[in-house]
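I have placed the structure first, in the form of structure tokens, so that the comments after it can refer back to it.
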Amino acid sequence: MGTTLIFPDGVTAESFLQFFWQRRPLLMRGALPGIASPISPEELAGLACETGVESRLVRQQSRGRPRWKVSHGPFRAATFRKLPPTHWTLLVQDVDKLVPSVTRLLERFRFLPDWRVDDVMVSYAVDQGSVGPHWDEYDVFLIQARGRRRWQIANARPSPDNVLPDEELRIMARFEPDEEWVLEPGDVLYLPPGVPHWGVAVGDCVTCSVGYRAPSHRELASSWFEHVLEGVADDAYYRDGPMQPPAHGAEISPAAAARAVELVETLAGRSRAEIERWYGAFLTEPKPNLTVDPAEPPLTPDEFRRLFEARGAIYRHPFSRFAYLPKEDGCDWLFVAGESYTLPKRHRTFLQTVCQWRELHFGFLAEWLGESDCVDLLARLYNGGHLAFDDGA
Ligand code: SIN
Ligand code: CO
């Protein structure tokens, strides 16, 4: 198996990014040849019974006009035994954080930045199972991992009111497909945001969706202003400047307005460096159900180094996202699970190595382990629970 997707003839990773990414759908037949489903339906159902795992069961009611009903996990094993032979599908989010073989799938997608990936959702459907025609506001690679699924897509951007009333799932009221393909194991369909699609299982099948959910402007603004608020003192208040008795009691004088403008600019105005640092932390922030526990007991940098040498390898916790920002002025920044760390830029190759591999062998890092900056950083990541000596993936 290669290290990336096999793009169709005439398409490379570079031309994919230039002509398709966020723009146009692309069917990639045989993009992952020989793929075996990275998870069995039984394992997926097992995950859907666990608390802290986000799962949904979507049933299509077969009588009358099509309707879809969704229920949320955790489920009881008995629920699955009572399901009919057709028209349902089970979907589990964040399987890349839970199942090592699904985590490894992401290696094939490194032609895009790691920090753009949201999760791998895995669905198991019985014959004719689907979540109905809909569109998503994010990019997705739909990997056919087992069995077959018929995908239909429409070319025109849907109108926002084209949705069925009273459905928890945003299912389209009218869906007129322009193209249709039956995907076989190893085929991948890329869809940019806003493309109406409908995937219906042909016999039972497993689909892995690598999702690139981009933050909305509202989410960005909310996180940024929350960050700004953290830096605003509780006990600081507006104060008047020099004043004259007002000629008209209701007037907001130009001087008072100017004072307010200056105050808000001072409260909100931040340096480019601070915005970049907030952004790196924001991008690596874990979902609330995917936070890690600190190491018990914590180790000193020396103890950590000795144990690392003895154990030979250390593993990234699958919940913890890593990203770094190289800076030409000052130190580079590392972002892990919403926290930021700095490191002198002479250690950039060390930082790149730490971010590149989920499994870090002592030998990969040995040349930097005499440097206290580097060992201290690894020990902090270990103590925070982001690196561990056991492969928890
Ligand atoms: C599925 O895997 O059934 C649904 C994926 C999607 O349509 O987004
Ligand atoms: Co979709």
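Residue indices begin at 1 and follow the sequence shown. Atoms within each ligand, like the ligands themselves, are counted from 1 in listed order.
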Flag the pair [X] / [Y] as yes when their ring centroid distance falls below 6.0 Å, and as no otherwise.
| X | Y | result |
| --- | --- | --- |
| Phe20 | Tyr190 | no |
| Trp21 | Tyr212 | yes |
| Phe111 | Phe7 | yes |

Practice task
Report yes or no: is the cationic atom of Arg316 (NZ for Lys, CZ for Arg) under 6.0 Å from the centre of the six-membered ring of Phe322, at an angle within 45° of the ring normal?
Solution key: yes
Handout entry: Row check, Phe308 ring normal vs Arg305 NZ/CZ: under 6.0 Å, within 45°
Key = no
Handout entry: Region of Gln144 engaging ligand 1 - heavy atom pairs below 4.0 Å
Key = neither
Handout entry: Per-residue contact class, Trp135 against ligand 1 - non-hydrogen pairs under 4.0 Å
Key = neither
Exercise for the section: Could you pull out the N/O/S protein atoms under 2.8 Å of the Co ion (ligand 2), ignoring any water? Expected result: His134 NE2, Asp136 OD2, His197 NE2
Practice task
Answer yes or no: does an N/O atom from Ser123 fall short of 3.5 Å to an N/O atom of ligand 1?
Solution key: yes
Exercise for the section: Return a yes/no value for His134: is any of its N or O atoms, backbone included, closer than 3.5 angstrom to an N or O of ligand 1? Expected result: yes
Handout entry: Within-4.5 Å side-chain heavy-atom neighbours: Asp139 and Pro193
Key = yes
Problem - Leu378 vs Trp368 side-chain heavy atoms within contact, under 4.5 Å - result: no
Problem - Within-shell test, Tyr138 vs ligand 1, heavy atom, strictly < 4.0 Å - result: no
Problem - Listed partners of Phe335 passing ring pair (Phe, Tyr, Trp, His ring centres under 6.0 Å), at least two apart - result: none
Practice task
Within a distance under 4.0 Å of any heavy atom of Asp136, pick out the atoms of ligand 1 and give their elements.
Solution key: 8 (O)
Practice task
Check ligand 1 against His197 and write out every atom of the ligand that is under 4.0 Å from a heavy-atom position of the residue.
Solution key: 6 (C), 7 (O), 8 (O)
Handout entry: Cluster check Trp68, Val126: I/L/V/M/F/W/Y, side chain < 4.5 angstrom
Key = no
Exercise for the section: Please answer whether the main-chain N or O of Glu328 pairs with a side-chain N or O of Lys345 as donor and acceptor at a distance below 3.5 Å. Expected result: yes
Fill in the blank from the handout: shortest atom 4 (C) of ligand 1-to-protein heavy-atom contact is with Val131 CG2, 4.0 Å
